[in-house]
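Inspection log for the structure reproduced underneath, given as structure tokens.
Every number for a ligand or one of its atoms is a count from 1 in the order of the listing.
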Amino acid sequence: MVYQQEMKRLVELITSSNTIVAFTGAGISAESGIPTFRGKGGVWEKYDPEKVASIWSFLENPANYWEFARDFEARFFNVEPSPGHLALGELEKIGRLEAVITQNVDGLHQKAGNTRVIELHGNTAVIRCLDCGKEYTREDVFERLEIELPPRCDCGGNKLKPDAVFFGEPLPEKPLSEAMDLARKSDLMLVVGTSLVVYPAAEIPLIARSHGCHLVLINLEQTPVDDIFDIKFYTRASEVLPSVVEEVRGIL
Ligand code: OAD
């Protein structure tokens, strides 16, 4: 079996560590049917992030974002957690996972049963009018989107923006400091499905490392910081997480 040694080491680390956190990115949702941003077939091959996901472009013309959302985020309605999400949900249930720190905005970790999910890039489920502050659900706004582009608020404003971080915006302070605190106190971090190129989020595993945390990478491709990892799996999350968690459950 491929990665047999690595699997064994990972099971040992999970059973012997005190504070375990997961740090996730788009790759863990790929097996739920949501495309990643980078890599083969990534969303940024088709769309220019400057145009569709930057705050300056949104403020100039919100239709740039909503045209993209109609294609990309419409998928968020009917998706289910992947085997990787479910395994992390199970890891929390058996008392071996303190929190999930995620860059994802799709809400799938919560759907998989994780109760402490730190969303560094926000979430697209809540949408707010930048003119009057009124809140909408994704369903509400997608109904409006069928009628007009960009969708409009009841106040007449056309700047309905999801509570997700756009390029050019700072990360929300509370989740970022919570994630940094966890990075400093964890002794095992599972890094799953992320290219580790977007900062400051990508700093989280680096901070953990500098505080002596063991780091495990589960990612299809290499990242620019692979040297910091103790164990590396270049494969799909579903190939590793479910069987490792199953094994840990058998030991506890
Ligand atoms: P990326 O799309 O940059 O990277 C996803 C990674 O997941 C790639 O390195 C793939 O090799 C890997 N991958 C794909 N399928 C996988 C699978 N089944 N199992 C394991 N790994 C898999 O996504 P992020 O790193 O999350 O930000 O991107 C970071 C940020 O860039 C996003 O939060 C978003 C984006 O622009 C904003 O929009 C602010």
Are side-chain heavy atoms of R184 and D181 found at a separation under 4.5 Å? yes

Between D187 (side chain) and C213 (backbone), is there a donor-acceptor pair under 3.5 Å? no

Using distance alone, determine whether F166 and ligand 1 share an N or O pair under 3.5 Å. no

Give the C-alpha distance, both sets of side-chain angles, the deciding distance and a yes or no for salt bridge (Lys or Arg N to Asp or Glu O under 4.0 Å) between K232 and D226. CA-CA 8 Å; K232 291 172 263 203; D226 281 5; 5.7 Å; no

Y65 side chain to S57 backbone, donor-acceptor under 3.5 Å: no

List the closest protein heavy-atom neighbour of atom 21 (N) of ligand 1: residue, atom name, distance to the nearest 0.1 Å. L220 N, 3.4 Å

Hey, which atoms in ligand 1 end up nearer than 4.0 Å to a heavy atom of G193? 5 (C), 6 (C), 7 (O), 21 (N)

If you have a sec, work out which protein heavy atom is nearest atom 12 (C) of ligand 1 and how many Å separate them, to one decimal? N219 OD1, 3.2 Å

Whether the side chain of N219 engages the backbone of T194 through a donor-acceptor N/O pair (distance < 3.5 Å, no angle test) should be reported. yes

May I ask you to list the atoms of ligand 1 that are less than 4.0 angstrom from any heavy atom of R236? 17 (C), 18 (N), 19 (N)

Part of H121 with heavy atoms under 4.0 Å of ligand 1, whether side chain, backbone, both or neither: side chain

So is T235 close enough to ligand 1, meaning a heavy atom under 4.0 angstrom away? yes

Could you tell me whether A30 approaches ligand 1 through its side chain, its backbone, both or neither, with non-hydrogen atoms closer than 4.0 Å? side chain

Going by distance only, is there an N or O of A26 that falls short of 3.5 Å from an N or O of ligand 1? yes

K46: side-chain contact (heavy atoms from CB on, under 4.5 Å) partners, not counting sequence neighbours: D71

In sequence, state the C-alpha distance, the side-chain angles, and the governing distance for S186 and E98, and then conclude on side chain to side chain donor-acceptor pair (under 3.5 Å). CA-CA 9 Å; S186 313; E98 178 89 15; over 6 Å; no

Give me the one residue out of E92, H109, Q110, E178 that meets side-chain hydrogen bond (donor to acceptor under 3.5 Å, both in side chains) with R116. E178

Quick one: ring-ring contact (aromatic ring centres under 6.0 Å, His included) pairs with a partner in residues 23-51, sequence neighbours left out? F37-W44, F37-F72, W44-F68, Y47-F68

Where's the contact between V165 and ligand 1, heavy-atom distance under 4.0 Å: side chain, backbone, both or neither? backbone

Identify which of G27, S238, S195, G25 has a heavy atom lying nearest to atom 13 (N) of ligand 1. G27

Test item, W44 contacting ligand 1 (heavy atom, 4.0 angstrom): yes

Give the residue and atom name of whichever protein heavy atom lies nearest to atom 30 (C) of ligand 1, and the separation in Å to one decimal. V198 CG2, 3.7 Å

Does R96 reach the main-chain N or O of L91 with its side chain, forming a donor-acceptor pair under 3.5 Å? no

Write out the residue and atom name of the closest protein heavy atom to atom 32 (C) of ligand 1, then the distance separating them to 0.1 Å. F37 CE1, 3.6 Å

Considering E169, E31, Q103, R38, which one's heavy-atom position lies nearest to atom 31 (O) of ligand 1? R38

How far is atom 25 (O) of ligand 1 from its nearest protein heavy atom, and which residue and atom name does that atom have? T194 OG1, 2.7 Å

Nearest protein heavy atom with distance in Å, relative to atom 11 (O) of ligand 1: E221 OE1, 2.4 Å

Membership question, hydrophobic clusters at under 4.5 Å side-chain separation (ILVMFWY): are V11 and I231 in the same one? yes

Nearest-neighbour protein heavy atom for atom 19 (N) of ligand 1, which is reported as residue plus atom name and distance: A237 N, 2.9 Å

